[in-house]
Amino acid sequence: MVYQALYRVWRSQRFDDVIGQQAITQTLKNAIMQSQISHAYLFTGPRGTGKTSAAKILAKAVNCPNSKDGEPCNECEICRSITEGTQEDVIEIDAASNNGVEEIRLIRERANYAPTQAQYKVYIIDEVHMLSTGAFNALLKTLEEPKKNVIFILATTEPHKIPATIISRTQRFDFKRIATSDIVEHLAYVLEKSNIEYSKEALNVIAQAAEGGMRDGLSILDQAISFSNGTITLENALEVTGSLTYDMMDRFIVACKQEEPATCLQLLDEMLTSGKEPRRLLENLLVYCRDLLIYQKAPQLLAEKAQHLTETFKQSAKEISAEQIYAFIDVLNEAQNEIRFSTNPRIYLEVAVVKLAGKGLSEETVTANQTVADSQEVTQLKEQITELQKEVTQLKEQIGQPQTQTQPAQNKEKKATNTHYRLPKKRVFQVLKEATKKELTSVKEIWGDLLASLSVTQKAMLSASHPKAASPNGLVIAFDYEIICKKAANDQEFIAAVQNNISRMISGYKPDLVYITEESWPILRQEFLSGQEETVNESELTENETEGTEETEAKEEGLVVSKAQDLFGELITVKED
Ligand SMILES: [Zn+2]
């Protein structure tokens, strides 16, 4: 026998079998019993919540001669032909592949003929939001002139894409995400009927990953069955869904609490190496943090999960403050947004992990909790920020750049409490004065090896950075994130490791490391170039004495450009006054 996917085998055939949509199925049954059948229905809701199943049951129930209490019999010829998809009076259309006007026009024409075998002609249009505007107009005409024995059932996951004129002519039912407990119950039922053993915990994990869709739940279960040796274990489920084990999360959160970035990054590495999916990983950690909060405030609400609550979890709930957990959740949330469109989620995960385990978070928490003593320090920091802001504004004015990056004031103040990094402008300029492309090229060449030579934590920090300029004595490195930049600048071990490894790879080269943020680089570079125009020319001329001093202005400008190219290895525009 050909293998059939579980969700096909277990598709509900009666309204009472549709899981988690009792309000809708009861209303439909009542309507059928009272023969108050509408000529157009709109079923909306997330994928896998039972819309098309309900549509087919409705098609059967209105046509079944033995219909009882609003349910089809599923035995008669008409019911069976509809189940098998061979009933010519029940027409299923996937709008995703038929979005043409012609298609709907055909429907209109055919709708004019009375049903041949069944009592009602039923059109089920799935993914109806995919119809073209022309097709919607044709459909609207059809709905405006309802035929007595024709029913339209429109199904969609995206009701906002359907014209209001259409929606207003339908009876609308919003299908909800199915509760995790309902999914668990149904999966258990399916497994019992199939004589397959399982652990309840495994089903919890699968149901969670299904995110409210029964079809997804059954598909994941299918995979878990093929992974298992006859019994669905928690390990199977974790493996198939790419979820974190409770033990992993316990150890991870403890390491975050103890501010051990190295351990955290090692654990992250372990998780990713064992095939955990970044998106799922963040979600699992978010749920874990949420559970910690719930356990602190209302442990009875976690009764359903009681079997997962390890001693470590309970201990963490006692020891980690709610503020700290909120801070964790913020970081996880942010990372979730960042990886959504990223092709390299690992970097964002690593940055998030460093943040979670970093002192930054606890400082923030402490700052929030502390009173008079520290408010002075905060005031000082705020003053420094204001100063920096002024400087940045001036810089931007100097280079004539619109101030597009001005952030709302409150946002800045929030950052001000712990993360602002003071740019070492003088040291940057020092390096730029003597910078050559040759040095920069050699650094870039060994960059990959340099990363590989560092410890996990150090690697995570440096992988969010790029070498920008190099002189015989200095190297400017720009970090993508200010928080990492600050951390790197204060981490003597990190600085020594980077320096030593560079000098090992480029013999005799031991540059002074100057850290800046990626954001500040274009500004610093421009400021240096415009301020240094004269000196650059002079130094260039002393290096090329043969060319003499009779250069024209144009030639001098050319030299600035070539010097700039020499420094940065790329073309930059020289501002005309
Ligand atoms: Zn029947």
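Whatever order the structure lists them in is the order used to number ligands and atoms, beginning at 1. Because only heavy atoms are used, hydrogens play no part in the values below, and waters and symmetry mates are left out as well, while side chains stay in.
Remark: the Glu319 side chain and the Gln315 side chain contain an N/O donor-acceptor pair separated by less than 3.5 Å. Side chains of Gln13 and Lys60: a donor-acceptor N/O pair is present below 3.5 angstrom, by distance only.
Taking a cut-off of 2.8 Å, the protein N, O or S atoms nearer than that to the Zn ion (ligand 1) are Cys64 SG, Cys73 SG, Cys76 SG, Cys79 SG.
The pair Arg172-Asp174 counts as a salt bridge, with a side-chain nitrogen and a carboxylate oxygen less than 4.0 angstrom apart.
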Step by step, work out the side-chain contact (heavy atoms from CB on, under 4.5 Å) result for Met249 and Asn284. CA-CA 8 Å; Met249 291 191 278; Asn284 289 158; 3.8 Å; yes
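Between Tyr295 and Phe313, the gap from one ring centroid to the other is short of 6.0 Å.
Under a 3.5 Å cut-off, the side chain of Gln87 and the backbone N or O of Asp89 do form a donor-acceptor pair.
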